[in-house]
Amino acid sequence: FSLLVYFLSSPKVEDYTKYYNYVQMTRLLKFMALKYPHIANLSSIGQSVQGRELWVMRITKDPNADVPGKPKCKYVGNMHGDETISRQVLVYLVEYLLTRYGEDPRITELVTRTDIYIMPSMNPDGFEMSREGDCSGGAVGRSNARNMDLNRSFPDQFDKINIQQEDIPEVTAVIKWILEKKFVLSGNLHGGTVVASYPFDDSASHIMQGHYSRSVDDNLFKHLALTYAKNHPVMRTGEPKCPDTPDETFEDGIVNGAKWYDVPGGMQDYNYLNGNCLEITMELSCCKFPPASELKKEWDYNRESLIAYLEQVHIGVRGYVKEATNGTALPDVRIMVAGINHNLTTAQFGDYYRLLLPGTYNVSAIATGYMSMTVVGVQVVEGKATELNFTLAPLGNEPTGGITIPFTPTTTTTEARPPAQPEHQPIQPQDFRHHHYNDMELFLLKHLKCYSSNNGFRSIAHLYSIGKSAEDRELYVMVISDNPTVHEPGEPEFKYIANMHGNEVVGRELLLNLIEYLCRNYGSDPEVTQLVNTTRIHIMPSMNPDGYEIAREGDVRGYTGRNNSNNFDLNRNFPDQFTTITEPRQPETIAVMNWLKMNPFVLSANLHGGSLVVNYPYDDDKQGRTEYSKCPDDKVFKQVARAYSQENTLMHKGHPCEDLYRSEFFEDGITNGANWYNVPGGMQDWNYLNTNCFEVTIELGCVKYPKAQHLPLYWDQNRRALLQYIHQVHRGVKGMVINIKDGTGIPNATITVEEIDHQITTNLAGDYWRLLVPGTYHLTASIYATVPEEGVELVDFRLTRVHSDPNGQAPMDPRATQDPAEVVFQSFIKDLSLGQGLEQLVQSTATESSFRYRRYKELSEFLRGLTFNFPKITSLHSLGQSVEYRTIWALEISNKPDEPETAEPKIRLVGGIHGNAPVGTELLLEFAAFLCINYGKNPTITRLINETRIVILPSINPDGRELAREKQCTSTVGMTNTHGKDLDTDFFGNASQRVVEAQPETRAVMDLILERGFTLSVALDGGSLLATYPYDKPVQPVENEETLKYLANVYARNHPKMHLGDTGCPSNDQMGNIPDGVLRAAERQSHMGSMKDFSVDFGHCPEITVYTGCCLFPPAEQLATLWAENRKALLSMLVEVHKGVRGVVKDKSGKPIVGAMIVLNGGVRVFTAEGGYFHALLAPGNHNIEAVADGYQQQRQEVVVSSYEAASSIIIEFDMDNRIFGLPREFVVATAAASMTALVVTACIIWCVCSAKSNQQKDGFHRLRQHRDDYEDEIRLTSMGSKKSLLSNEFQDESESDEDTLYANWKL
């Protein structure tokens, strides 16, 4: 039970003299939820644009559980932020229902039989912008912070509502809430006049006024609207007499929505058409934001109407639908009423509630796979609903026409009895294997974002570290709760700790399984959802990660890895009440002790291995003997220990390890620690004696490190026990100690239970939990105060006002000729490129990571861990090996990593070309994990991965990295590979330029580059703070320099420091200001054989090099800062790779042309890939494109490239080339024929002439042969040329590539 301790009396809640702002309303709702926990539960279904919670107060008996037989109804207020009466009267309604429950029979019955949900404000951002006294409203405050009218933003039956979901998070949250809860009745409260409006709100014709748009439940809707109106003294007159519209009247105070005025995208129609729910809209006052002095009057006007309307949820027909063979409930069965073409479906318990007016009806239940059933002549009378249950038989050999039976009124109570429920089958974990440290880290990051509509689609997981192990591994803790980042007053804190002994690993794997189980079943499994919503669960999978790393699979009774890396047993390292612990306190122990002091834990379990039993305090005694050592809460500890052991049948038998310890027996599977064996310095005793936390130690199995194939069995044996033990935190007494003067909680008040010599204290908020076995107790709360001898102690509060501006978006002007999907993607890239798009992405994907340097082995494990945890979007490849046979890894991240997708741009990210500058390696590993973890969680990251092929080479010089040392900012140790070669001087494309064979690391990367297909490459290095672009080689004209420089500028301007241009690096020559932080590489340090020069010249891919900081190998503590500085810039590259120009080259028949050359601005060339696709990045501006392919006519186009738009797709169609030497084929053929004829005639004439003079020429030929030797010598000398020309030819490459020849031919 719950105990609330007050000093004097509780503060007054109801206040009719002022409006509550968001903070005040939040505080008031939380207070009421704490004060009335048996009938009230406060939760948020989501957040507004500006991050305010959309609070919903659930009011019913047992508000934390979903039970059958109670129809759900809701009120939503303040949808238009400047219509404020609704907000206030709904807060008053909450207080009215809570305070009168148990006193007023009418209210007690309503709350007991109805599941009521009240949302005072759907638009809290708009309310904060509105101003009291503004009766007409205008535009200020009506819409949300993105200037969207929420009551025009729901899907509409007649029109498509074209609104981006990110602009209306309030609507998105409410839609999911409606679809999940299956409400029966609803009211949407507005302001601006006084009337009740009912569906439909618009029509197909969208006539602005006067067109009655009738639903099939029109008479029922009029009845519901009349119920509200006739109980409202002004509304029922039909004459609101509003100053703006003094002559406007409404018959009986109600009106059809569309007849009044046409409203497409309204919420009430969406409820009726999509949510099982009948909703009307109530306009409560002529003035939208009247003075606060009007509040009491408006509450009095609306109180009875609000109550009477809720009572209408109990009219009509209600009942259950069950399965004929086993009696289980059938959800999602259609309930049809003849003559009314509007169906609803049964809820999770097979229950339904069909509101109907008095009359006689034929009602049917229809479900796929079952015979339909119709009951005719169902009598509906005024008052409570008629009970009508259905039993559906599975389809077999029976007639398929269904069953029709007459209605027989039930003689039992109108409270229908639910059918037997089908056994729920929760989703079980799939990841059964041993997780080394890196793998565990990735697993935790992967599950960091668990979402459910139950939690407004916010994550229920939060990862943090309480400190580091002796070898600097993080001591991770995952929190699972509906609000995981903060302690919620009234919600107990629970923890599991495992792997305290590094070689006892079952607990480590079980806790990872538990995280996955809670994450996957939250929102669908009632038990998991209740536990997560009502408990803040902290899970530490490994307290001794160092010991685990040296432990060995298959260890049964060994000690390898048991202790930490300093060789101390952590479960003998805590301060002890009986024994002085002389060993130095270990970092793991200190971290846990500090953690326990900072959090108000109530219950805990420490998971071990080596036996099968739950052991409870005390663990030792004064004499150090093996005997029962009872603590004051011995009964409580035995109760919680049995709760675990009873759910593990093997443990409960009490004979855990008969093969190992034949004589060992534990009754009920539990034991007092000291009675088993004496353990001084144990953690569980320290918990009990020094904090409010009760902890037991659970031995999970006889084998300390079992084989991985046995892990599923351990999960099956312990799953129920793990959950049942968490339930124990809700046993006993809980409550608040409150200061009457200001209603605030009193921290550190002492709670004493008579006859139990163990006190606990209240938390900072004044809340407490005291575990007890069932019984009657006398509790005392006391506090202490210290007053100075003179004067008073001054406590000042200095607050900073936070201003938040609405964030609007510029309208788009999509091109009409574009594919709709392309238009959407254009908008997506534009949003990321303009304004705060990228910054918002960074803020929405905040990660909590542990930064450290990884050597080759750990790097390889990390990459493999990514592929294990994210197999659908990752693929790991070996490009080759280093000199010392370390693998050069390439990780691809895309939605189809093993399929060629030539239509998608491909980006290459490279790190570690210099082993002594490993920051780039760590940033790329973090970037890879960041992308994988957010895939499927963050829509922007998901879209980028789906549309991009990302190839990451984290370390291409792993041998050099092994030699380098941390905190060496200028050392060259490790810069080169094992052969002493600087790899960034080893990339040569021409054999004539290469003196020696390429290094194996270089060859591996060159082969990847020569595959082509890459659109952009970014290399990360260190030793300065700037971005460079090609070329590194000296005195080299740069084709496409404008584009290369632009790409470097994009990176630099998205870096908080780089774009300032001041490197501030004392160790290099770039001390002065570098404009925009961008430099041509040769101006920094010119050299031949660089990777980016090779990429541009031979891979036809632009590459920039980013120098991330002055220090080559900074301390690991700086990695988090470096990641924060570079994350946005790295993301900008994923956006930039989608710009420029892209397209398809094909012939007239539509056949794609592979290998066509695309010449950009007369210089840079790219080539079409499979499917004829090409993509080239270009600086913003106008550009000329020439397309060249053998056998086709050359094509030219001019394109315009934008800095913020995605590349528009162009299509280049080739015609066959019918020209010869650039002239028409017909002309060339005719000319050739004429020339041939003339040649033959001329030859004949010459032959005749020569024959006539042959005798005269013989003497001349004789004289020529006499000088033949001199003639041949002259010819020979001329053909050789000089030695100088031969030398020149040796060093000058006059040959042309195939590409040059082809292009030159087409330039003729």
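Sequence positions, counted from 1, serve as the residue numbers for this chain.
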Margin query: Before you tell me yes or no, could you show the steps for Leu891 and Thr874 under side chain to side chain contact (heavy atoms under 4.5 Å, CB included), namely the whole-Å CA-CA distance, both residues' side-chain angles and the distance that decides it to 0.1 Å?
Written below: CA-CA 7 Å; Leu891 176 74; Thr874 60; 4.1 Å; yes
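- Cation-pi geometry between Lys630 and Phe637 is not met at under 6.0 angstrom from the ring centre and within 45 degrees of the axis.
- The closest side-chain donor-acceptor pair between Asn533 and Tyr522 falls under 3.5 angstrom.
- The structure places CD1 of Ile460 at 11.5 Å from CG of Asn483, a figure rounded to the nearest 0.5 Å.
- Side-chain N/O atoms of Gln428 and Asp716 include no donor and acceptor closer than 3.5 Å.
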Item checked: Verdict with reasoning, Asp555 to Arg562, per salt bridge (charged side-chain N to carboxylate O under 4.0 Å, His left out) -> CA-CA 11 Å; Asp555 181 3; Arg562 173 186 175 91; over 6 Å; no
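- For the pair Glu926 (side chain) and Phe851 (backbone), a donor-acceptor distance under 3.5 Å is absent.
- Between the side chains of Glu699 and Asn615, not a single donor N or O lies within less than 3.5 Å of an accepting N or O.
- In summary, the side chains of Asn599 and Glu493 do not present any donor paired with an acceptor at a separation below 3.5 Å, with no hydrogens or angles considered.
- The closest donor-acceptor contact from the side chain of Tyr559 to the backbone of Asn503 lies at 3.5 Å or more, if one exists at all.
- Between the side chains of Ser469 and Glu588, no donor N or O sits under 3.5 Å from an acceptor N or O.
- A donor and an acceptor atom, one from each side chain of Asn718 and Tyr644, are located under 3.5 Å apart.
- Using a 3.5 Å distance cut-off with no hydrogens or angles, the side chains of Glu516 and His447 do not pair a donor with an acceptor.
- Closest non-hydrogen pair, Glu491 versus Trp769, comes out as O-CZ2, 3.2 Å.
- Smallest separation of non-hydrogen atoms from Ser604 and Cys693: CB-SG, 3.5 Å.
- The backbone N or O of Val528 lies less than 3.5 Å from a partner atom in the side chain of Asp525, making a donor-acceptor pair.
- Partner of Asp439 under the salt bridge (Lys or Arg N to Asp or Glu O under 4.0 Å) criterion, chosen from Lys446, Arg864, Arg433, Arg508: Arg433.
- Among Ile515, Leu514, Asn521, the single residue meeting the side-chain contact (heavy atoms from CB on, under 4.5 Å) criterion with Leu518 is Leu514.
- Using a cut-off of 4.0 Å between Lys/Arg side-chain N and Asp/Glu carboxylate O, Arg852 and Glu474 are scored as not salt-bridged.
- The two atoms that bring His435 and Met440 nearest to each other are CB-N, 3.9 Å, heavy atoms only.
- In terms of heavy-atom proximity, Ala498 sits nearest to Gly507 at CB-C, 3.4 Å.
- With hydrogens and angles ignored, the 3.5 Å screen pairs a side-chain donor or acceptor of Thr529 with a backbone N or O of Gly523.
- Using a 4.0 Å cut-off between charged side-chain N and carboxylate O, Asp767 and Lys734 make no salt bridge.
- Relative ring orientation between Tyr496 and Phe494 is described as perpendicular, the plane-to-plane angle rising above 60° on a 0-90° scale split at 30° and 60°.
- Paired with Arg770 under the rule side-chain contact (heavy atoms from CB on, under 4.5 Å), one option of Arg731, His758, Gln759 passes, and it is His758.
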Pairs of donor and acceptor atoms involving the side chains of residues 673-683, under 3.5 Å and at least two apart or interchain, shall be tabulated with distances.
residue, atom, partner, partner atom, Å
Asn675, OD1, Tyr628, N, 3.3
Trp676, NE1, Glu664, OE2, 2.9
Asn678, ND2, Asp621, OD1, 3.4
Asn678, ND2, Arg625, O, 3.0

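- Among Thr589, Asn564, Asn563, Asn566, the one residue that satisfies the side-chain hydrogen bond (donor to acceptor under 3.5 Å, both in side chains) test with Asn573 is Thr589.
- Across every non-hydrogen atom of His710 and Tyr714, the tightest pair is O-CD1, 3.2 Å.
- Remark: the backbone N or O of Leu448 is paired with a side-chain donor or acceptor of Ser459 at under 3.5 angstrom.
- Judged purely by distance below 3.5 Å, without hydrogens or angles, the side chains of Asn763 and His487 pair a donor atom with an acceptor atom.
- In this structure, Tyr661 contributes its side chain and Ser611 its backbone to no donor-acceptor pair below 3.5 Å.
- A donor atom on one side chain and an acceptor atom on the other are found under 3.5 Å apart for Asp633 and Tyr688.
- Using modelled atom types, no side-chain atom of Ser645 and backbone atom of Met651 make a donor-acceptor pair closer than 3.5 Å.
- Under 4.0 Å is where a charged nitrogen must lie from a carboxylate oxygen, and between Glu667 and Lys638 no such pair does.
- Tyr476 and Glu441 share a donor-acceptor pair across their side chains, judged by distance under 3.5 Å alone.
- Not a single donor-acceptor pair under 3.5 Å links the side chain of Glu647 to the backbone N or O of Ala721.
- When all heavy atoms of Ser542 and Leu475 are compared, the closest pair comes out as O-CD2, 4.1 Å.
- No option in Asn594, Ile590, Leu596 other than Leu596 meets the side-chain contact (heavy atoms from CB on, under 4.5 Å) test with Val592.
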